[in-house]
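For reference, the structure discussed in these notes is given below.
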There are 2 protein chains.
Amino acid sequence: MDQAVSRSLAILEALASAGAPVRLSRLSEQVGLQKSTAHRILQTLVALGYVIQEAETGRYGASLKLWELGSAIVFEHPVKRAAASFLQSLHREVGETVSLLVPSGEDVLYLERLVSPRPTRFSARPGSRVPALLTSGGRAMLAEAADLRDAAARALAHAGDRREATLAEIVRDLEEARRRGYAISRDTPGVVSMGCAIPGRTGSPAAAISISAPVERVTQEDEARVATALLATCAALQDTVGLL
Amino acid sequence: MDQAVSRSLAILEALASAGAPVRLSRLSEQVGLQKSTAHRILQTLVALGYVIQEAETGRYGASLKLWELGSAIVFEHPVKRAAASFLQSLHREVGETVSLLVPSGEDVLYLERLVSPRPTRFSARPGSRVPALLTSGGRAMLAEAADLRDAAARALAHAGDRREATLAEIVRDLEEARRRGYAISRDTPGVVSMGCAIPGRTGSPAAAISISAPVERVTQEDEARVATALLATCAALQDTVGLL
DNA sequence: GCCGCTTGTTCCGCTCTGCGGAACGACGTA
DNA sequence: TACGTCGTTCCGCAGAGCGGAACAAGCGGC
C-alpha cells in the first residue's frame with residue numbers, strides 16, 4: 001500500500017470536492033498530513049499538471065487534467081455507449097429528463113442525463129453519487145436482488161436517515177416494483193420519477209434508466225404512457241445489445 | 001518529486017487512454033516500470049477504488065472514480081458556470097452545435113458541447129484536447145495575442161503537420177479574425193465553424209465559444225446571422241459577468 | 001510603527017517505504 | 001511434455017520520502 005500514492009490521491013479528492021482553491025494549512029489538516037509532507041506532494045502534483053497554485057494567494061486548486069482523464073474513461077464506458085442512442089430516442093419520445101445510472105456499492109452513480117427542454121425542478125448531475133434507495137433507478141435495481149429483504153436492509157442502513165420508511169414498507173415497495181417492472185419515486189418533493197433496471201451478465205443489474213418530471217406535469221394517463229415507453233426502451237436495449 | 005506519486009498517475013493516465021482493460025505486462029512496459037513495481041502500485045489503486053481488476057483475465061482497467069472526481073471539478077469551474085445559460089440561449093437561437101472551450105498551453109480544451117438536434121458531422125467531445133490552431137475557437141483566442149506573428153509561430157510548431165499553411169497565411173488569417181471579431185474554420189472537411197474569444201482578467205482570453213455546422217446547411221446569409229448571434233452572446237456574457 | 005499570528009516554504013537527518021531482480025505457480029499453446 | 005507468458009510473491013538493499021523545526025513574508029490590531 002504505497003502510502004505516497006494513497007496520500008496524493010487523498011489530496012486530489014479533497015481538492016476536487018472543495019470546489020474553490022484551498023490553503024495549504026487547511027488542506028494538510030483535512031487529510032491529516034504534516035504541512036511539509038502535503039507541500040511536497042502538492043509540488044509534485046503541480047509539476048505534473050494536476051494541481052494549480054494561485055500566483056498571488058498561494059492557494060491550491062485542482063486543474064482540469066483529472067477531468068480530462070475522467071472524460072476519456074466514461075467516453076469508453078461500455079454501458080454508456082450501448083445505451084446512448086436508446087436514451088436519445090426515449091428522451092425525444094417523452095420529452096422529460098432521462099438519466100442513465102449504474103450501481104456502485106450501495107450507491108448509484110449517474111452516468112448521463114438528458115434534460116427536458118421544459119422547465120425542471122432538480123435531477124442528479126452526471127458524476128454524482130446517491131444512495132440507491134433514494135432514487136427510482138436504484139430501487140429498480142434493488143428490486144432485482146435475489147433476497148429482497150436482505151438487499152433492502154443493507155440499502156436502508158446505507159441511506160442513513162434520509163429515507164423515512166420502515167424496512168417492511170420498503171420491501172413491499174420493492175416487491176411491487178418487481179411485479180410492475182419499474183419503480184416509482186417521489187422522494188424529492190415536487191418531482192416524480194420512474195426507473196427501470198437493465199440486467200447484466202452477472203445476474204445482478206448492470207444499469208438503470210430513469211425518467212423524472214415535475215408532479216404537476218404527470219397525470220394518471222401520462223404515467224402509464226411514460227412507463228410504457230420506459231419499459232419498451234429497456235427491452236429494446238436488451239434485445240439489441242444483449243446482456244451488459 | 002515523489003516518484004511513487006508520479007508513477008501512479010502515469011499508470012492512471014495510461015489506463016484512462018487505453019479504453020479497454022490492459023494486461024499488467026503491456027502496462028508496465030508502456031510506462032517503463034518493473035512488473036513488480038507496477039503491480040504493487042496497481043494493487044494500491046485497486047484498494048483505493050481507482051482501478052478495477054477483471055476477475056477472470058486479471059487485466060486492469062480504470063474505474064469510474066476518476067470520472068467522479070473530474071465531474072466535481074468541472075462542475076465548479078467558474079468559466080463554465082458563468083457561460084452555461086448564455087450557451088443555452090445561443091444554442092436555442094441558432095439550432096447548431098455550440099461549444100465552450102478554454103486555452104490549455106498551446107491546445108484548447110473543450111469544456112462543453114450542446115449538440116444540434118439536426119444531424120451533425122463531427123464535433124470535439126467535451127474533455128478532449130486539440131491544438132489551438134486547428135479550431136475556430138482556438139484561432140479566435142490566438143488572434144487576441146499581443147504579438148500575432150509570435151503566437152502564430154508557436155501555435156504552428158505545436159500543431160504539427162496537421163495544419164497545412166504557411167506562417168504568413170496564418171498570420172493574415174488571424175489578423176482578419178481580429179478585425180472581424182470572430183474566426184472561421186473549415187479544417188474539418190464538410191463542416192464550417194465560427195469561434196469568438198472571451199477576454200479574461202489577465203488580458204489574454206479566458207475562453208471561447210464556437211458554433212459548428214455542416215457546410216451545406218450554412219448559406220452566405222446564414223453565416224452573417226449566426227456570426228451576429230455569436231458575437232452578441234459573447235458581448236452579453238462579458239457585460240453581465242465581467243471579465244472571467 | 002511594532003508586535004504577534006498565520007501563511008507558504010525550505011532544510012536536513014533518520015527511517016522505513018518502496019524498489020526491482022529473481023523465483024514462483026498457473027495457464028495456454030506448440 | 002516442454003515452452004512461453006501470464007500475474008503474483010518474496011526479500012535485501014538503498015534512497016525516497018517523512019516530519020519536526022526553523023524561515024521569511026504577509027496581514028491585522030493594538
Side-chain angles (χ1 to χ4, degrees), chain A residues 1-63 65-66 73 76 78 201-202, chain B residues 1-63 65-66 73 76 78 201-202:
Chain A
M1 275 285 289
D2 301 36
Q3 75 174 227
V5 173
S6 103
R7 287 173 169 185
S8 63
L9 288 170
I11 287 180
L12 281 176
E13 287 180 26
L15 288 180
S17 60
V22 188
R23 323 204 63 103
L24 172 61
S25 317
R26 319 275 175 208
L27 187 59
S28 62
E29 75 179 293
Q30 185 179 341
V31 297
L33 292 180
Q34 212 65 241
K35 255 201 314 178
S36 58
T37 303
H39 180 260
R40 182 170 29 79
I41 294 179
L42 279 167
Q43 291 306 326
T44 309
L45 293 175
V46 168
L48 296 174
Y50 287 90
V51 168
I52 294 173
Q53 183 172 23
E54 286 185 341
E56 53 281 6
T57 68
R59 283 193 280 235
Y60 294 91
S63 78
K65 191 158 180 180
L66 269 192
I73 293 172
E76 304 279 358
R201 286 203 166 73
T202 62
Chain B
M1 275 284 289
D2 300 35
Q3 74 174 219
V5 173
S6 104
R7 287 173 168 185
S8 63
L9 288 170
I11 287 180
L12 281 175
E13 287 180 26
L15 288 179
S17 59
V22 188
R23 332 201 110 253
L24 172 61
S25 317
R26 322 272 174 211
L27 188 58
S28 62
E29 75 179 292
Q30 186 180 341
V31 297
L33 291 180
Q34 213 64 242
K35 258 201 310 179
S36 59
T37 304
H39 180 260
R40 181 172 29 79
I41 294 178
L42 279 167
Q43 290 306 326
T44 65
L45 291 176
V46 168
L48 296 174
Y50 287 90
V51 168
I52 293 174
Q53 184 172 22
E54 286 186 340
E56 53 280 7
T57 69
R59 283 193 279 236
Y60 295 92
S63 78
K65 190 158 180 179
L66 269 192
I73 293 172
E76 305 278 359
R201 286 204 165 73
T202 61

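Letters A, B, ... mirror the listed sequences (proteins, then strands); counts begin at 1.
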Q) NA contact type, A:E56, heavy-atom cut-off 4.0 Å: base, sugar-phosphate, or nothing? A)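 Nothing: the residue A:E56, judged by heavy atoms under 4.0 Å, touches no strand.
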(Q) Using a 4.0 Å heavy-atom cut-off, does B:E54 contact any base of the nucleic acid, only the sugar-phosphate backbone, or nothing at all? (A)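 Nothing: the residue B:E54, judged by heavy atoms under 4.0 Å, touches no strand.
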Q: Verify whether one side chain among A:Q30 and A:R26 offers a donor that lies under 3.5 Å from an acceptor in the other.
A: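 Looking only at side-chain atoms, A:R26 and A:Q30 do not form any donor-acceptor pair under 3.5 Å.
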(Q) What I want to check is whether the side chains of A:T57 and A:E54 have a donor and an acceptor closer together than 3.5 Å. (A)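 A pair is found: one side chain offers a donor N or O, the other an acceptor, under 3.5 Å apart.
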Q: Let me have a per-nucleotide readout for nucleotides 13-30 of chain C, 5' to 3', with B, S or -, counting only protein heavy atoms under 4.0 Å.
A: ----SSBBB---------
Protein-nucleotide distance ([X], atom [atom1]; [N], atom [atom2]), rounded to Å:
X     : N      : atom1 : atom2 : result
A:E29 : C:dT6  : CD    : P     : 12 Å
A:L24 : C:dT10 : CG    : P     : 12 Å
A:H39 : C:dC11 : NE2   : C1'   : 12 Å
A:R59 : C:dT9  : CZ    : P     : 13 Å
A:L27 : C:dG8  : CG    : C1'   : 13 Å
A:R23 : D:dA25 : CZ    : C1'   : 13 Å
B:L42 : D:dG7  : CG    : P     : 10 Å

Q) Does the pair B:E29/B:R23 count as a salt bridge with the N-to-O cut at 4.0 Å? A)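 Salt bridge: no.
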(Q) Let me confirm one number: the CG-CG distance from A:L48 to B:L9, rounded to the nearest 0.5 Å. (A)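 A:L48 CG to B:L9 CG: 6.0 Å, rounded to 0.5 Å.
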Q.
So, taking the atom named OH in A:Y50 and the one named CG in A:L12, what distance separates them when rounded to the nearest 0.5 Å?
A.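 It comes to 8.5 Å.
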Q: Report the C-alpha separation of A:I52 and A:V46 in whole Å, then their side-chain angles, then the decisive distance to 0.1 Å, and conclude whether the side-chain contact (heavy atoms from CB on, under 4.5 Å) test is met.
A: CA-CA 6 Å; A:I52 294 173; A:V46 168; over 6 Å; no
Q) Do the side-chain N or O atoms of B:S25 get closer than 4.0 angstrom to the phosphate oxygens (OP1, OP2) of D:dC6? A)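 Indeed, a polar side-chain atom of B:S25 lies that close.
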Q. At under 4.0 Å, does any side-chain N or O of B:Y60 touch on OP1 or OP2 of D:dT8?
A.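 Yes, such a contact exists.
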Q. Which pair of non-hydrogen atoms, one from B:A38 and one from B:S28, has the smallest distance, and what is that distance?
A.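 It is CB-CB, 3.9 Å.
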